[in-house]
Amino acid sequence: MRKVYLIDYIGVHCGMHYYLEAFANRIREIDGVEPCIISNFSESGDKPALLNQYNGSTFKKVVSLLRNMSRIRKLARGNKDDVMVFLTYGNAIEIPMLKAVAKHPCHIIDVHEAIAQDVDGNLRLKNTLKSLYSSEIGCIISHSERTDIFMNEYGYQGKVLKVPHFRYEFAKNENESNIGDDIRVIFNRDKVNLLFFGNLNVNKGVDILMEAYNRLPADVVAKANLIIAGKDFDGVCRQHQIKDDREAHLIFRHVNDDELIHIYKNADVICQPYRKTSQSGILEMAFYFKKPVLTTDVPYFRKTLEEFPSFGEVVSGEITVENYAAGLADFIRNFDRNRYFTTPDYDRYTHREAVCSFVTAIAEYLHHQK
């Protein structure tokens, strides 16, 4: 049995374990191959293959990163008959790992970001990635038009396997004992519960949401409860204050898996005021829990909601506080759970043609790479 190694150094740090498990299930549909997750968590409960390089002191983080790099390089140097799939986010720390995986005779680079969103202006990193993609990388997975644009800019000429995202499949039953007291009190069943979940930074527009919420008129404020949950890496949330006359709950910490399930089950609307994105696990999480989304007019969001129109709404036009506030007010005024996730749309989503086509394409690619 040929192994397909799914290599990801982020894992549980940013919820990528859900993606990896969904990806592994798609690989299991292919005859003759078996997925093996190389990350900081383990499906089987055994010791993870990689360390969590985001936990602990600075010294511990550096040591964990170096050990992860060494583990990935060793893996790529061996197992020549197997397949290496490396998840990349366009960060500088990935370059040694990316180069090592690219030397493997059968490698696939799963491009979640062609360059890290907060360093789009880093010319040195862009040039390094351009050199890699144009000369050393033979196959990529692209999730969006944004990635395709970068690949064209980089002069990439290799194989492209396309898939928007994988549908999550984990259990939705939370362990109540693992839910913090601060999480238990954040929902108001008499109001529309708006949720922003994930890493809190400028690219994801959490500041747009906070300022838009401050601009809602009194009749809308009376119906709304805002929840923001995640790590405030950039300190962006602490630069903005929610007005005292409106209900809001801010959770600035890591949210564990049981808390995530609890939050998504009780939220009414998932807000995604992003300035840019290549794909979104938050969007897929909303769909998995059948929670409508209110997004900005980012190509990835628009294309997805054009395919599944009952899954939410796009705030058209320029990505501004004013536009998002107007869209949010309309959404809350007209909110009706029965409008969303129609049976035809959800059936098509469950059997998403793009995912089926991807499984066929990657199976053919692996067959020819033997």
Looking only at the side chains, is there a donor atom on one of Y89 and D8 sitting less than 3.5 Å from an acceptor on the other?
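Side-chain D/A pair, Y89 to D8: present.
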Any side-chain donor near an acceptor of the partner, S316 and R302, under 3.5 Å
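A donor-acceptor contact under 3.5 Å links the two side chains.
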Going by heavy atoms in the side chains, are [X] and [Y] under 4.5 Å from each other?
{"X": "R71", "Y": "I38", "answer": "yes"}
{"X": "T304", "Y": "P164", "answer": "no"}
{"X": "R2", "Y": "D81", "answer": "no"}
{"X": "P273", "Y": "L209", "answer": "yes"}
{"X": "F23", "Y": "D110", "answer": "yes"}
{"X": "S280", "Y": "I282", "answer": "yes"}
{"X": "Y264", "Y": "K172", "answer": "no"}
{"X": "K126", "Y": "E153", "answer": "yes"}

May I ask you to decide whether [X] forms a salt bridge with [Y], counting only side-chain N to carboxylate O separations under 4.0 Å?
{"X": "E247", "Y": "K191", "result": "yes"}
{"X": "D345", "Y": "R348", "result": "yes"}
{"X": "E21", "Y": "R26", "result": "no"}
{"X": "E313", "Y": "R339", "result": "yes"}
{"X": "D190", "Y": "K223", "result": "no"}

Which value, rounded to the nearest 0.5 Å, describes the distance between [X] atom [atom1] and [Y] atom [atom2]?
{"X": "N91", "Y": "H112", "atom1": "CG", "atom2": "NE2", "answer": "12.5 Å"}
{"X": "Y324", "Y": "E318", "atom1": "OH", "atom2": "CD", "answer": "16.0 Å"}
{"X": "L216", "Y": "D245", "atom1": "CG", "atom2": "CG", "answer": "10.0 Å"}
{"X": "F187", "Y": "I263", "atom1": "CZ", "atom2": "CD1", "answer": "5.5 Å"}
{"X": "L6", "Y": "I27", "atom1": "CG", "atom2": "CD1", "answer": "6.0 Å"}
{"X": "E94", "Y": "M69", "atom1": "CD", "atom2": "CE", "answer": "9.0 Å"}

Under the criterion ring pair (Phe, Tyr, Trp, His ring centres under 6.0 Å), I'd like the reasoning laid out for Y346 against F287: C-alpha separation, chi angles, the key distance, then a yes or no.
CA-CA 9 Å; Y346 203 74; F287 295 170; 8.6 Å; no
What is the minimum heavy-atom distance between F196 and K204, and which atoms define it?
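Scanning both residues completely, I find the closest heavy atoms to be CE1-O, 3.4 Å.
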Taking every non-hydrogen atom, the tightest pair across V101 and M84
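Minimum heavy-atom separation between V101 and M84: CG1-CB, 3.9 Å.
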Tell me, with the steps shown, if F311 and Y349 meet ring pair (Phe, Tyr, Trp, His ring centres under 6.0 Å).
CA-CA 10 Å; F311 287 12; Y349 173 71; 5.5 Å; yes
Test side-chain hydrogen bond (donor to acceptor under 3.5 Å, both in side chains) applied to N193 and D268, N266, N188, the passing residue:
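For N193, the side-chain hydrogen bond (donor to acceptor under 3.5 Å, both in side chains) test succeeds with only one of D268, N266, N188, which is D268.
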Aromatic contact, Y288 with Y18 (centres under 6.0 Å)
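Not under 6.0 Å, so no.
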Aromatic ring proximity Y168/Y19, centre distance under 6.0 Å:
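Centroid distance Y168-Y19: not below 6.0 Å, so no.
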Got a sec: does the CD of E353 have more than 12 other heavy atoms crowding it under 6.0 Å?
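It does not: E353 CD has 12 such atoms or fewer within range.
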E307 and R352: CA distance, side-chain angles, deciding distance, salt bridge (Lys or Arg N to Asp or Glu O under 4.0 Å) verdict:
CA-CA 10 Å; E307 186 177 1; R352 201 168 185 177; 3.7 Å; yes
Mark yes or no for whether [X], through its side chain, and [Y], through its backbone, hold a donor-acceptor pair below 3.5 Å.
{"X": "N40", "Y": "I10", "value": "yes"}
{"X": "Y365", "Y": "C139", "value": "no"}
{"X": "H351", "Y": "D347", "value": "yes"}
{"X": "K276", "Y": "N203", "value": "no"}

Could you walk me through whether E34 and R28 pass the salt bridge (Lys or Arg N to Asp or Glu O under 4.0 Å) check?
CA-CA 6 Å; E34 176 187 5; R28 292 187 180 99; over 6 Å; no
Parallel, tilted or perpendicular for Y156 and Y133, by the 30°/60° rule?
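Correct class here is perpendicular.
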H13 and Y54 aromatic ring geometry - parallel, tilted or perpendicular at 30°/60° bounds:
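Taking H13 first and then Y54, their aromatic rings lie parallel (interplane angle under 30°).
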Please determine whether salt bridge (Lys or Arg N to Asp or Glu O under 4.0 Å) holds for the pair R253 and E259, giving the CA-CA distance in whole Å, both sets of side-chain angles, and the decisive distance to 0.1 Å.
CA-CA 11 Å; R253 64 170 177 82; E259 291 173 329; 2.8 Å; yes
Cation-pi geometry met for K290 and Y340 (6.0 Å, 45°):
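So K290 doesn't make the cation-pi contact.
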